[in-house]
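Structure first, commentary second.
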There are 2 protein chains.
Amino acid sequence: MTSHETPRRATIADVARQAGVATSTASVVFSGKAKVAEATRERVLAAASDLGYTGPDPRAASLRRGRSGIVAVVLEGHLRAAFLDPVTTAMMDGLTDGLAELSAGILLMRDEPGEDGSALASAPVDAFVLIGCSGRTRASLEIVRGRGLPVVVIEGDAGGDIPRITLDNAAASAAVAQHVKDLGHTDVAFVTLSLDADRTRGPITEERLATATTDVTIDRLEGLRRVFPAAPAISASGSLIDEGIIVGRALLADPDSRPTAVIAQSDLLAVGVIRAAEELGLRVPEDVSVAGFDGIEVDGLGGLLLTTSVQPAVDKGRAAGEQVARMLNGLPGETQHFTCRFRAGTTTAPPPAR
Amino acid sequence: MTSHETPRRATIADVARQAGVATSTASVVFSGKAKVAEATRERVLAAASDLGYTGPDPRAASLRRGRSGIVAVVLEGHLRAAFLDPVTTAMMDGLTDGLAELSAGILLMRDEPGEDGSALASAPVDAFVLIGCSGRTRASLEIVRGRGLPVVVIEGDAGGDIPRITLDNAAASAAVAQHVKDLGHTDVAFVTLSLDADRTRGPITEERLATATTDVTIDRLEGLRRVFPAAPAISASGSLIDEGIIVGRALLADPDSRPTAVIAQSDLLAVGVIRAAEELGLRVPEDVSVAGFDGIEVDGLGGLLLTTSVQPAVDKGRAAGEQVARMLNGLPGETQHFTCRFRAGTTTAPPPAR
DNA sequence: TTGTATGCGTTATCAT
DNA sequence: ATGATAACGCATACAA
């Protein structure tokens, strides 16, 4: 309380005093929530500009209003990794759309194993959108639910009555597999997304599958196995081209054990597998067929069109935003279900003649 | 005030009462800012769980503390476009790093010509990072400065004593141009980023240049013209591969006016130009040389390595985060200057013999 | 170690 | 159209 402190910023009370009006009047001038005589209005504005007052303190307004105008988007892992994934970006894009009517800001938060969740617990937000599928999400969910704020979960098992945005992962995967089977393939391998927050890369055993927590991976695998029950599967550590290359090499390097088709759980992984195949001198689709999942635009396929399942990523994001908006308006949130569209591309063909 | 309202959430005062302690004691239990007897501590926690109290209300805590734990990142244009740009995501990545010690969240905001800036004026944030180069930034700057919060500007003319994160755009561009000149090219064209918030695509005239507001574009062009003063330039409407394709076609379609080298102000644009060249049956670099700027990883170049100027995007983001952290700790923010590294790739070669 | 008292800066309600 | 007042929920300085 020494006089050397930075001069306290003017408050609305200061402005009101200077203008010779009540604070409530001054407040109304800024919020526009009631009519104010033009003369008073100008006096208040003049006083404000006099004192360098630029508007109500958002923190105080938040407290008073009970709203901060911010919606948290919780992504798993590094933000960078999240934005490396075109599906995530597309969802974010839709989300900003769906949130537009609220004119709410988007607070990016990560949901990482290391964190103690304090950020989630103490962020001044009005609602949460959880994106991602890791089992870790469930832990975040606890924290978030406790706060009693609206929550929407995109692709994940929310539990309870939490509205979700879901996708027909199993059915869509089965459709891709069926296409491959119809082409005549019997010797097929899968490249899956990560099984859990550990993101360990490696062959999927029954044991690992039993402890898996990532719903998307599990669901898509289930769909694939409907068609190819015995096909081997390797989990990648994430949806990245580089991961696809690594796993693709492992799968295709040995001519004796090489499958005639590889189905990946994401387009990025599929592109990686194609790269690996090319590295090994294999032609796609003549020597090996490759299919993906997502239906994103991928570069570097040199004229090939990926066989894949196209998911409505932007719509999913938009739906999430809309549900948040609904809930913030006091309406109940509703789970929205989306379906994929199979797209036959040029990366799959009948298996090579023996 | 009917009895049908949702039951009011418990406050820390309720918890304290239930536990039979003072609110200050309960507060301390949650903040950990002072020692509390284990017994009381447990009683408070028990009371909290009893009442379903999950911790202090962030909005109230923000007001009281004068901090919200949120840093705003202001990007120009659609958020989607921002995340489509690898340079931006890289900066964001570094930014989260630099901000890590504050464990602050990142609030995404856009700075659009249409907006009245109300979002910027009323977001409950502790500091601002302005990314982007449009002249529009200057308007945002006004709003933001008025709030008296720490501001850091990445690539843009901040004015005043606002700390900036800068890049040697002109010098680095000149280096690229010099490389092209050294290869023997004299007939060169430039593809620039957008000149202003309008993002109009088209040939750059002296007139347009005079009213340009985007510093990055201007600076890089200045560097290029140091080496090729008379080269024609076309502005793209953004840093996108598709834009590069469009402009590339315009530049390369006519065999008579075709330059032997194209220098783009971003790698994404350069890739687009290469695509356009391929479409037209031109070989890169045999028929036409192409250079870019940024040094991002780009797929789909089919084995070519882009000649470019590699900028330390992640470091820039990190530096911005660090400066914000400094300022929030009461230290003065300092402008940080970064330099690019020229990288000769395989997309540039001597001009074809006539 | 614990409790008391105050104020953070607003805005909604109600009365005038 | 304007003004007085009471919360909003918390954290801190200070006293005990």
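Worth knowing before you read on, the calculation uses all heavy atoms, side chains too, and leaves out hydrogens, waters and symmetry mates. So that the names make sense, note that chain A is the first sequence line, chain B the second, and so on, each numbered from 1. The model shown is predicted, which means the values in this text are computed figures rather than measured ones.
- The OG1 atom of B:Thr166 lies 9.0 Å from the NZ atom of B:Lys316; values are rounded to the nearest 0.5 Å.
- Between the CG atom of A:Leu51 and the P atom of C:dG9 there is a distance of 14 Å, given to the nearest Å.
- Between B:Arg59 atom CZ and D:dC8 atom P there is a gap of 14 Å when expressed in whole angstrom units.
- Rounded to an integer number of Å, the gap from CG of B:Asp14 to P of D:dC10 is 9 Å.
- Backbone-only engagement by B:Ile12 is indicated by non-hydrogen atom pairs under 4.0 Å involving sugar-phosphate atoms exclusively.
- Residue B:Arg17 contributes atom CZ, which lies 14 Å from atom P of C:dG3 at whole-angstrom precision.
- Atoms CZ (A:Arg65) and P (D:dG9) sit 16 Å apart, rounded to a whole Å.
- A:Arg64 contributes no side-chain N or O that forms a donor-acceptor pair with the base of C:dT10 under 3.5 Å.
- Contacts between residues 18-43 of chain B and DNA chain D, defined by a heavy-atom separation under 4.0 Å, are made by B:Ser24, B:Ser27, B:Lys33.
- Using a cutoff of 4.0 Å between basic side-chain nitrogens and carboxylate oxygens, A:Arg43 and A:Asp50 are not scored as salt-bridged.
- In summary, B:Glu334 and B:Arg326 engage in a salt bridge, as defined by a charged side-chain N under 4.0 Å from a carboxylate O.
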Margin query: Test side chain to side chain contact (heavy atoms under 4.5 Å, CB included) on B:Ile131 and B:Val73; report intermediate values, then the result.
Written below: CA-CA 7 Å; B:Ile131 300 183; B:Val73 173; 3.8 Å; yes
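- Heavy atoms of other residues, nucleotides or ligands lying less than 6.0 angstrom from CZ of A:Arg41 number 12 at most.
- When only modelled atom types and interatomic distance are considered, A:Ser68 and A:Asp126 share a side-chain donor-acceptor pair under 3.5 Å.
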